[in-house]
Amino acid sequence: MIRFILLQNRQGKTRLAKYYVPLEESEKHKVEYEVHRLVVNRDAKFTNFVEFRTHKVIYRRYAGLFFSVCVDITDNELAYLECIHLFVEILDHFFSNVCELDFVFNFHKVYLILDEFILAGELQETSKRAIIERMSELEKLE
Amino acid sequence: MNPFSSGTRLRDMIRSIRACKTAAEERGVVRKECADIRASINENDPHDRHRNLAKLMFIHMLGYPTHFGQMECLKLIASPGFPEKRIGYLGLMLLLDERQEVLMLVTNSLKQDLNHTNQYVVGLALCALGNICSAEMARDLAPEVERLIQFRDPNIRKKAALCSTRIVRKVSDLAENFVNAASSLLKEKHHGVLITGVQLCYELCTINDEALEFFRKKCTEGLIKTLRDITNSSYQPEYDVAGITDPFLHIRLLKLLRVLGHGDADASDLMTDILAQVATKTESNKNAGNAVLYECVETIMAIEDTNSLRVLAINILGRFLSNRDNNIRYVALNMLMKAITFDDQAVQRHRVTILECVKDPDASIRKRALELVSLLVNENNVKQLTKELIDYLEISDEDFKEDLSAKICSIVEKFSPEKIWYIDQMLKVLSEAGKFVKDDVWHALIVVISNASELHGYTVRALYKAVLTYSEQETLVRVAIWCIGEYGDLLVNNVGMLGIEDPMTVTECDAVDVVEDAITRHNSDMTTKSMVLVALLKLSSRFPSISERIKDIIVKQKGSLLLEMQQRAIEFNSIVDRHKNIRSSLVERMPVLDEATFNVRRAGSLPASVSTMAKPSVSIPNGVAAAPLVDLLDLDSDDILAAPSSSSGADFLQDLLGVDLGSSSAQSGATPAPKAGTDLLLDILSIGTPSPAQNSTSAVDLLSTADVNSNSSTALDTLSSSAPPQIATTASTGGMFDLLDGLSPSPSKEETNGPAYPPIVAYESSSLKIEFTFSKPSGNPQTTNVEATFRNLSPNTFTDFVFQAAVPKFLQLHLDPASSNTLPASGNITQNLRVTNSQHGKKSLVMRMRIGYKVNGKDVLEEGQINNFPRGL
């Protein structure tokens, strides 16, 4: 199960934070700070998996953003790497060559996409096309 | 009205915040915006609500508090329009979580929305519920969600399935309700619904055993067929990732099959075909393929045994190991550690690749590979493996050397086929990484050396050669010094040459040179220098011809600034000068150190759960020598009396322990390990143990004054100075007590062996009395078990009784649950505590406590400090 998903830039600013387990505000900030510190210092040669408290964090860097997913210890790490990549592809398709500013000005849309992709800490849909179609349906309702 | 399309207010706010150059400026802008929003909330204007909430969400993401917006979420959710609801639910998920009570207010809106005619609204509600519902909401809304699993629109079905996953996680009793709905989901064609259905089934199986049985019987074949279809399906561009159709679905199915097959031979049988197919046909050049293979391997390992499949799995892992991608190798090493438990042979085949991984640049891979290697070691491959590891030790990074050398040492110790090989390997390790080697390792080495009497000559010569080249390795130097001291005559006279050795002439001068070098070198620490002095004393007896030179070296140390050195120098000098008659018997060759007892002691010593001050205590048979106590006496420079008493002290303490009087063989039973030495001491002091001293009193005093940071070497050396029997017999225990009483300032403890600490009244008020009774668990004098009895002195019943305690840093406290939380009038409840005192003997226990309870509906809090703990706890 996914415990939380974080999108952070190199400076440590969190562009997206979705938690599937309850945490206090202060705890959330602490977690974000710790994960950032863990992830930003790792060399590119190292594995994409880090142990974090009693779980593990699977992260990948895309340009200036770190996509970190915290999962249970028993989960399949390689699968979540694919999951992160699929999410990035969806975002890229939706925003047409997505960049960090898209996350800043359209944060609500990013959350909506995420909510179509992952629910209750589990994968909801594996087809990029299906998610994009759904998003355009939802946009029409606005 | 869309808040983002026409109104640029949100964008403007974001732009103005981003334009701020300093944090203070940003705070100002945010404050102003929050004020506007609050004003707008107060006006209760519905038009701007969604825009305000969007702005509030952004401000929240920056990290500012936004509690005042929570009710706005609720109002938006209750609005009729879809855009408002959407923003409302988004705000709800972002600003609230399941622990907030405000969430309960949403339950009614959620219920209505779950029954809404607009399926998009239903989707919104399911999404919100699935992400943050609490247990109560789960219970309330479960029937709605269950119904929605069968909805006509697949989007709703998959959301409902995942929402049910969360409900079942929160309230496991509801699992039975979802079983039927979940099994119908498994027949879906739509991948999204299928994957969520599989996930729901997995969750149900892990939570509920009946569900597991149900799925196992009814659905296993269907699932296998689905997996087969997907594996064999043609190219589907929508789901394709790197040549595999929907790897996520593959993985989920494999996971569910794992749970179904685990522990059940029939189900496992059914799966073998498809698992073999997946394992062999999946392409592994891309991450997606490897992810599927990884899951497949995990499933094969977990289901019931089919050897061929397992071999297949381990081969896949072997392939992973040689993959250049670090992630894959990491994953493979992890799995191999699990695989080794049931199929050692297969993993052995990959030994070479694993060894390569030990040398990998990535630290986490190195660590795992090293652990795996240590699991792979057996008698056959130990020599080769060790050779490889030692070769690598020479070129490895500094920070890895410690782990590596520790592992090598443990491997060598466990599996060494013969002593000479053991000594060789240890010498190599010490030469390369001596400073990382822990004390108990080289102590063990010395025990082995001492036991291998035929190898004494060989060992001392090898050490001599090694220390000439690697003189910076502290531990190597220490071992060499000890050996040269003990076996110096063998070194010089080339005694016991083995066939493999080259002839070597070492004169007495050379030997003393080496020893002297150790003492004069500026970076030798005190342990080494002290050992040198003792070695010199031994050599002065063994090499009478250069006794003068040795004496000079010793005399030079008389003026040392280190008290220990000064003292030894003076003592030894006086022995050399004036007590030539006893010198030779003093420094006689040490009797063989008893390996068996040493191993027992080492095995029995607890890991470092005890403080830094004392080494772990151990229960030791009574016969083991008191010499380590002597060690303590010897070390404690401040409190010790004149030198001669130190060696006589050994025997006095032997008397104390009821060990055989006057037999130096008693000392032969002693192990040299000083760590164990202090263990013995602590053991003696651990008043709970039945075995040791009857009169532990004085020993207790001793500990409370002595500095326990033992200098390991001195134990060895005082052992070698076997006190002449006559001193022992003249000792009387009474005299001993005087000796020791003169030392200790702390009060003497109970005479008895048992703990017998008096119970105390920790706290007393008009309504509550707390008593503590103490006991010491055996084997550990620092830990005290306290049984707290709480007595209710009032005529009212106390409910929700909670006892909390706080202790200063040098104490550790562990509270067991109380016998009950309700204290009836004039009744009592008990609770056990465990306190560990790292300053045992120096500081006594002190505790602050706070008790909370309810009486007649009111909360009562009582606090106090407990200072009257008995001393010596």
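Numbers restart at 1 for each chain; the letters A, B, ... are given by sequence-line order, proteins then strands.
Judged by distance alone, the side chains of B:Y120 and A:E137 do bring a donor and an acceptor atom under 3.5 Å apart. Inspection of the B:E298 and A:N76 side chains reveals no N or O donor paired with an N or O acceptor under 3.5 Å. Defined by atom type and a distance below 3.5 Å, a donor-acceptor pair is missing between the side-chain atoms of A:T47 and B:N326.
Atom-to-atom distance recorded for A:K128:NZ and B:E238:CD is 11.0 Å, nearest 0.5 angstrom. Taking NE2 of B:H50 as the reference point, atom NE2 of A:H108 lies at 12.5 Å (rounded to 0.5 Å). Put simply, CG on A:N48 and CG on B:N327 are 4.5 Å apart, with the number rounded to the nearest 0.5 Å.
At a 4.5 Å heavy-atom cutoff, the contact between A:E25 and chain B is made by side-chain atoms alone. Of the two parts of B:E295, the backbone and the side chain both hold a non-hydrogen atom closer than 4.5 Å to a non-hydrogen atom of chain A. With a threshold of 4.5 angstrom between heavy atoms, B:Y89 does not approach chain A through any atom at all. Residue B:L90 touches chain A through its side chain alone, counting heavy-atom pairs closer than 4.5 Å. With a 4.5 angstrom heavy-atom cutoff, B:H250 does not touch chain A via any of its atoms. At a 4.5 Å heavy-atom cutoff, the contact between B:D246 and chain A is made by side-chain atoms alone.
For the residue pair B:K159 and A:L119, the shortest heavy atom distance occurs at O-CD2, 3.6 Å. Residues A:A17 and B:L94 come closest through the heavy atom pair O-CD1, 4.3 Å. Nearest heavy atoms, A:A79 versus B:A291: N-CB, 3.8 Å. Nearest heavy atom pair, residue A:Q124 against residue B:K158, reads O-CD, 3.6 Å.
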Show the numbers, then the answer: is there a side-chain contact (heavy atoms from CB on, under 4.5 Å) between B:N155 and A:R134? CA-CA 9 Å; B:N155 283 306; A:R134 175 100 179 152; 3.3 Å; yes

What do the steps show when you test A:Y19 against B:I132 for side-chain contact (heavy atoms from CB on, under 4.5 Å), and what is the final call? CA-CA 9 Å; A:Y19 290 85; B:I132 58 166; over 6 Å; no

Given the rule in the side-chain contact (heavy atoms from CB on, under 4.5 Å) test, do B:T196 and A:E122 qualify, once you have shown the distances and angles that lead to the verdict? CA-CA 8 Å; B:T196 54; A:E122 302 291 350; over 6 Å; no

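If you tally non-hydrogen atom pairs under 4.5 Å between each of B:I328, B:V193, B:L162 and chain A, the highest count goes to B:L162. Here B:R99 is the residue among B:K286, B:R99, B:E203 with the most heavy-atom pairs under 4.5 Å with chain A. Most heavy-atom pairs under 4.5 Å with chain A, from the set B:H191, B:K255, B:R18: that is B:R18. For the options A:E32, A:E89, A:K45, heavy-atom pairs under 4.5 Å to chain B are most numerous at A:K45.
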